Amino acid sequence: MYQLHPNDAVMGEAQSVRRLSDGASIPFDPANTDYQEYLAWLAEGNTPLPAEEVGQ
Amino acid sequence: MAVPYTFGTATAAIPLSQLDSNFSTAVTIGNTAVQLGNTVTSFGNVTLTNVTISSGNVIVTGANVSGTANVSTLVVTGSETVSGNTAVTGNITASFFTSTSTFGFKNRIINGQMQIAQRATSATITAASTIAAGYSTVDRFYVYCTGANVTAAQVAGSGATKNRLQITGAASVTAVGIGQRIEQLNSYDLAGSTATLSADLAISATLTTVTWTASYATTTADTFGTLASPTVTQIATGTFTVTSTVTNFSTNITIPAAATTGIQIVFTVGALTAGLTWTVGNVQLEKGSTATSFDYRPYGTELALCQRYYSRMNANTGVYTAFGSGIFSGATGGNMYIKFPTTMRSSPTINQSNCVISDTVTSPAITAVSTTFAGTDSAFQLFTVASGGTLYRPAVLVANNNTAAYIDFSSEL
């Protein structure tokens, strides 16, 4: 399972997704195998959880 | 003693008094060409000086040097081929060496000795999980299993081998695999050649077969797919018949010319049930058709090789060890610059444990990590906290008064 990251007020749109099993941040890099697994997971028809609401 | 040919071409008389009956005293043949007839088949106790063999072959059959053979100067100007083994106890000086298997850094497997274990020295491997989850003990090797969970642990080796990887089975386990994916950049030159795979293997009882399989990424470099959906082309497979005694096994692998996209080596066993252990060590893949001795590399070198794929910055003895610095981007988060220990294979997956971001006034605990910008050398990382940050206030990423704190980076294959 994965969850989208919230956008950052300073730096803008999130460039990664959170892996819920361990909380790791997976960058959107096609060479990153964790990202490849995430894409395969999406291709199976799964949907990540939406980003949490974050106050600033 | 018969004299085969008796100076028939002598140009002057030779007094027989100069010869005794059996040449028992030294005979000097003058500075002139001497031809010996074919009937002379052997000499004993001969000392030769300035010998030139101008043509033909020199065949030495069964020559034993039991004492000390001193060759003060041996010059080989052409090619010299020794088809057997040669043992040299002294030093060899040469201007250039060539070898089909090379000398140092011949092993394409990283951490083949199982000595580096940045993540943990022991871990439970969950059945039917992912390769990412299988990277849990010794660096660069992933472990997977089916049927039931197993335990993977770095254990003590023997002799010159400091460590090995040991899998402990459990009831209902149906299969276990140990694999390593070799990056394209470290295996490209193996394509179209013969390589040799070797490993120390043992299984405590019952099971006797370890299957090895070599594959390469089918279409995209360094993309091997998942356990469920591998994207590899098999190069070769075979088996080793193992016992409970750790033994080194080897096999040749003909690497096809198409295997320029990265190579995967996997060892598998069947039902590693309760009470069984499977030990693997000194895994080596080298160019050439001969299994040579294991390539022991310096610890720091091997660690650096591992860190390209996974690295962990630990607090160790410093309970407030700093890992990065940056600014609060609001009450609930801060962006931190983090420099990786070495250039990584890809933008890494990043995680942390027991860290806080601190402006020295407040030090809120991190509740989530997300990547703002990440390259292969550094990252600008957003760390989310529950509250307590002050916008634009400088902050540092530090251990939360905990020697077990760490931040890690993974770009495993």
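These numbers come from a predicted model, not from an experiment. Just so we're on the same page: letters track the sequence lines, and every chain starts at 1.
- The environment of CZ in Phe28(A) is crowded: more than 12 heavy-atom neighbours from other residues, nucleotides or ligands sit within 6.0 Å.
- Once rounded to the nearest 0.5 Å, the distance linking CG of Asp22(A) with OG of Ser410(B) reads 9.5 Å.
- Interatomic distance, Ser347(B) OG to Asp34(A) CG, rounded to the nearest 0.5 Å: 12.0 Å.
- In this structure, Thr220(B) OG1 and Gln36(A) CD are separated by 8.5 Å, a value rounded to the nearest 0.5 Å.
- Of the inter-residue distances, the one linking Thr130(B) atom OG1 with Glu37(A) atom CD reads 5.0 Å to the nearest 0.5 angstrom.
- Atoms OG1 and CG, on Thr376(B) and Asp29(A) in that order, are 9.0 Å from each other to the nearest 0.5 Å.
- Residue Thr367(B) touches chain A through its backbone alone, counting heavy-atom pairs closer than 4.5 Å.
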Mind running side chain to side chain contact (heavy atoms under 4.5 Å, CB included) on Gln381(B) and Ser25(A) for me, showing each step along the way?
CA-CA 9 Å; Gln381(B) 199 80 7; Ser25(A) 171; 3.5 Å; yes
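- Per-residue counts of heavy-atom pairs under 4.5 Å with chain A were compared for Pro348(B), Ala368(B), Ser411(B); the largest is that of Pro348(B).
- The CD atom of Glu44(A) sits 7.0 Å away from the OG atom of Ser229(B) when rounded to the nearest 0.5 Å.
- Looking at heavy atoms from C-beta onward, Arg345(B) lies in side-chain contact with Thr33(A) at the 4.5 angstrom threshold.
- Between the side chains of Asn32(A) and Thr349(B), at least one donor-acceptor pair of N or O atoms lies under 3.5 Å.
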